[in-house]
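These notes concern the structure reproduced below.
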Protein chains: 2
Amino acid sequence: MAVKKPSIREVAAYAGVSTATVSNVFSGRKPVNDELKKSVLEAAEHLGYQIDRAASQLRSGRTRIIAVLVPDLTDTFFATIVSRLETQAFAEGYDVIVASSHDDPSVESSRLKALLSWKPAGLIAVPCSSSIPAELIEIEKTLPMVLVDRVASEGAIADTVTIDNREAGQIAARHLLEHGHRDIVIAVSDLDYPPIFERAEGAAGLIAQRTGARPVTLRLGTNMEAGAGIFSDWMDRNTAPGAVIALTNVTTLSVLSALAERRIAIPDRTSIVAFDDYAWMAARNTGLTAIRQPVDQLAETAWKRLQLRMDMGMEAPAEPSVLNASLVVRDSVRDVDSRKPHPVGNNAPDTALPGEGLLTTSRQGKNIH
Amino acid sequence: MAVKKPSIREVAAYAGVSTATVSNVFSGRKPVNDELKKSVLEAAEHLGYQIDRAASQLRSGRTRIIAVLVPDLTDTFFATIVSRLETQAFAEGYDVIVASSHDDPSVESSRLKALLSWKPAGLIAVPCSSSIPAELIEIEKTLPMVLVDRVASEGAIADTVTIDNREAGQIAARHLLEHGHRDIVIAVSDLDYPPIFERAEGAAGLIAQRTGARPVTLRLGTNMEAGAGIFSDWMDRNTAPGAVIALTNVTTLSVLSALAERRIAIPDRTSIVAFDDYAWMAARNTGLTAIRQPVDQLAETAWKRLQLRMDMGMEAPAEPSVLNASLVVRDSVRDVDSRKPHPVGNNAPDTALPGEGLLTTSRQGKNIH
DNA sequence: CTGAAAGCGCTAACAG
DNA sequence: CTGTTAGCGCTTTCAG
């Protein structure tokens with residue numbers, strides 16, 4: 001029933017101390033005698049006192065807000081990142097304000113403005129396109145911020161956290177090559193996204209090096225059904241490829257959808273390496289072999305960097321963090337040539353095909369790091 | 001370089017008006033002469049002025065914050081709701097603070113407290129369990145709030161938005177019955193969640209009415225792999241059922257996973273009706289017939305109700321909104337008895353099996369409302 | 001270590 | 001319609 005909320009003053013009066021002491025008890029910015037502290041806490045408890053963030057923020061200029069901007073909350077990849085960030089931030093006493101740009105630069109810019117008007121303590125953003133918005137560049141000097149995923153790791157204007165996308169592409173390509181595949185199509189969403197471009201480069205480069213020709217790269221866009229149509233049309237004009245590397249979650253769906261519609265058997269007729277590892281990929285008759293991004297680790301790294309940046313201030317140079325993707329082997333890639341299945345390098349395998357890795361096993365598939 | 005942010009006063013000075021006028025221009029709470037308004041806007045633009053939310057909030061006591069609490073951001077269903085809410089709220093000048101309870105009541109309660117300390121203008125919550133947290137009951141009288149999904153629609157303490165879960169269960173059951181299925185297993189996550197309980201009730205009731213026996217109900221929990229194990233174990237002790245109704249996104253995955261592991265053909269050996277309609281369900285050789293919840297509509301309804309509540313105040317009685325799920329027909333249900341395929345009712349089909357509906361078609365499947 | 005007092009930037013109330 | 005003025009609740013000097 002207590003409609004009226006107690007302020008710091010009533011707590012101070014009740015505890016028989018000054019407002020400054022109460023403030024210090026709650027903010028912890030100055031030490032307070034244990035006895036006093038206890039009576040303040042009791043008074044607060046008794047009155048049901050809760051600090052008023054607005055007032056606190058206005059006076060101190062500081063905030064416990066972390067702004068998070070992603071292209072699309074509906075995408076499990078981004079949602080997972082937000083979820084982890086939320087958990088971490090909360091544990092450290094921060095609250096998270098989310099905004100989604102819906103992959104639209106103009107929305108992104110207006111959401112960004114709204115986010116910044118909170119004067120957040122930090123910003124974690126997944127920009128929606130390669131061109132980092134002008135807003136970000138401008139505020140970069142004054143606001144701790146880290147950019148995740150949709151950025152080129154070199155030449156970044158701020159701290160970045162990404163996976164080694166080139167390597168990720170190579171892992172997929174190498175897996176296919178090692179299984180004797182040569183007729184490989186690379187399915188991408190949009191080459192304007194730096195990670196996609198790099199994945200495509202990594203995969204195409206390795207394939208070219210082995211086969212002497214760059215593979216076909218198909219742009220399927222970011223809409224599953226449209227992408228399925230594009231891939232289907234392409235198959236009309238050509239034949240179904242021996243294998244496809246899908247460099248994105250939705251391109252994976254597009255490819256599967258088009259393949260299913262045409263009753264093309266996986267992996268018997270065409271093999272597939274998917275991107276991003278989701279639960280549904282295991283819940284099929286032929287589980288999907290996929291490149292897994294370490295999503296949780298991505299989020300944790302971003303959070304740690306942001307904390308560092310908030311502590312260090314803006315002087316320290318921007319630094320990129322690059323994590324590694326791994327391959328989860330299931331059943332969607334077949335052996336083309338059973339005579340010499342594995343080693344693909346002719347004479348110097350390790351120099352030709354860099355990045356050998358750990359091999360572990362899980363219930364869901366073999367995990368090759 | 002403008003490290004120092006301009007306040008309302010500099011804008012006022014620059015535009016040659018008073019601070020109150022500037023305030024009115026930005027808040028729109030009082031009309032301002034067009035000419036003055038223009039010069040204020042120009043001044044603001046010129047100085048790069050941005051309203052300080054903390055100060056505004058402190059003074060006015062009002063806030064443009066909507067608190068959103070969900071059990072799990074990682075679940076596409078909830079993420080979609082959050083995403084829609086975020087969009088809607090932003091369009092009306094609100095910002096969204098999200099919190100995830102990770103399906104843990106104690107986390108829920110502490111997150112709730114944090115959320116409330118923002119003194120949000122409204123709260124939209126998907127509680128994590130049936131027992132609505134005491135905090136919510138307490139604040140219900142003072143804070144506009146709407147509860148979504150995880151609530152019983154009757155006896156609610158606040159505005160609620162749900163689907164007709166009983167009907168949803170019936171739709172699934174009826175579809176199977178109409179295709180001649182009798183050996184039906186219902187796979188649920190946890191019967192403590194009211195929506196799940198109601199879906200199970202709806203399905204089981206209809207099946208019992210038709211077959212004279214209540215179907216087996218299996219509790220697979222909320223973890224996909226564990227659920228697959230449970231279902232697999234059950235099949236060890238019995239045989240694979242003729243059909244299964246999976247009442248949840250993750251139970252669907254559990255069931256598929258267990259079936260795939262045992263190479264049980266869908267729908268030839270066992271048919272399946274899934275819950276929640278996701279992209280991957282269409283991107284398979286045998287597309288999944290599924291109950292689709294109108295997620296977007298759920299979010300929009302919740303937002304509209306909240307707005308209403310924010311306008312009306314707390315006096316108006318709490319009101320439940322109930323939306324309808326629909327059936328998306330794909331290929332995972334087979335005709336058991338091809339002689340008399342469709343009508344299941346013996347003599348009075350419509351009274352025995354309520355809820356006939358619209359029938360539309362989409363690229364992805366036939367959509368029976 | 002604690003208390004007194006001065007605002008942070010804004011909006012509400014009221015007077016013009 | 002616009003200007004003046006008085007705080008919102010807190011944190012922060014600065015003295016004690």
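Any value given below was found using the heavy atoms of this structure, including those in side chains, with hydrogens, waters and symmetry copies removed. Each chain gets a letter, A, B and so on, in the order its sequence line appears, and its residues count up from 1.
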Please tell me which of the listed nucleotides, [options], lies nearest to the side chain of [X]?
| X | options | result |
| --- | --- | --- |
| B:I51 | D:dT2, C:dC10, C:dG9 | C:dC10 |
| B:K30 | C:dG3, D:dT5, C:dA13 | C:dA13 |
| A:A20 | C:dC10, D:dC10, D:dT12 | D:dT12 |

Distance (rounded to the nearest 0.5 Å) between A:E86 CD and A:Y94 OH:
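Answer for the CD-OH pair, A:E86 versus A:Y94, is 15.0 Å.
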Nearest-0.5 Å distance that lies between atom OH in B:Y193 and atom SG in B:C128
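Spacing of OH (B:Y193) from SG (B:C128) equals 7.0 Å.
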Over all strands shown, is A:V17 touching base, sugar-phosphate only, or nothing at heavy-atom distances under 4.0 angstrom?
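If one applies the 4.0 Å heavy-atom cut-off, A:V17 turns out to touch the sugar-phosphate alone, with no base involved.
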Whole angstrom is fine here: how far is it from [atom1] in [X] over to [atom2] in [N]?
| X | N | atom1 | atom2 | result |
| --- | --- | --- | --- | --- |
| B:K38 | D:dC1 | NZ | C1' | 19 Å |
| A:N24 | D:dT13 | CG | P | 12 Å |
| A:L36 | C:dG3 | CG | P | 7 Å |
| A:F26 | D:dG9 | CZ | P | 16 Å |
| B:D52 | D:dC10 | CG | P | 16 Å |
| A:R59 | D:dT12 | CZ | C1' | 5 Å |
| A:N33 | C:dT2 | CG | P | 5 Å |
| A:L58 | C:dT11 | CG | P | 11 Å |

Mapping A:R9 and A:P31 onto DNA chain C by nearest heavy atom, which one lands closer to the 5' end?
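On the 5' side of the pair lies A:P31.
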Nearest nucleotide by nearest heavy atom, which residue falls closer to the 5' end of DNA chain C, A:T19 or B:Q57?
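The residue mapped nearer the 5' terminus is A:T19.
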Is the phosphate of [N] approached by [X] (side-chain N or O, under 4.0 Å from OP1 or OP2)?
| X | N | value |
| --- | --- | --- |
| B:R53 | C:dG9 | no |
| B:S18 | D:dG3 | yes |
| B:T21 | D:dG3 | yes |
| B:S23 | C:dT11 | yes |
| B:S56 | C:dC10 | no |
| A:R29 | D:dT12 | yes |

Cation-pi between B:R84 and B:W303: NZ/CZ under 6.0 Å from ring centre and within 45° of the ring axis?
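Pair B:R84/B:W303 does not count as cation-pi.
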If you measure only the distance, is there a donor-acceptor pair under 3.5 Å linking the side chains of B:R53 and A:S117?
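Their side chains do contain a donor-acceptor pair, which is all the 3.5 Å distance test asks for.
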For the pair A:Y14 and A:H46, name the ring-plane relationship: parallel under 30°, tilted 30 to 60°, perpendicular over 60°.
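Aromatic pair A:Y14/A:H46 classed parallel.
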Considering residues, nucleotides and ligands other than B:E92, do more than 12 of their heavy atoms fall under 6.0 Å from its CD?
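Buried by this count: over 12 neighbours within 6.0 Å.
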How do B:V32 and B:S60 order along DNA chain D: which one's closest nucleotide is nearer the 5' end?
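The 5'-side residue here is B:V32.
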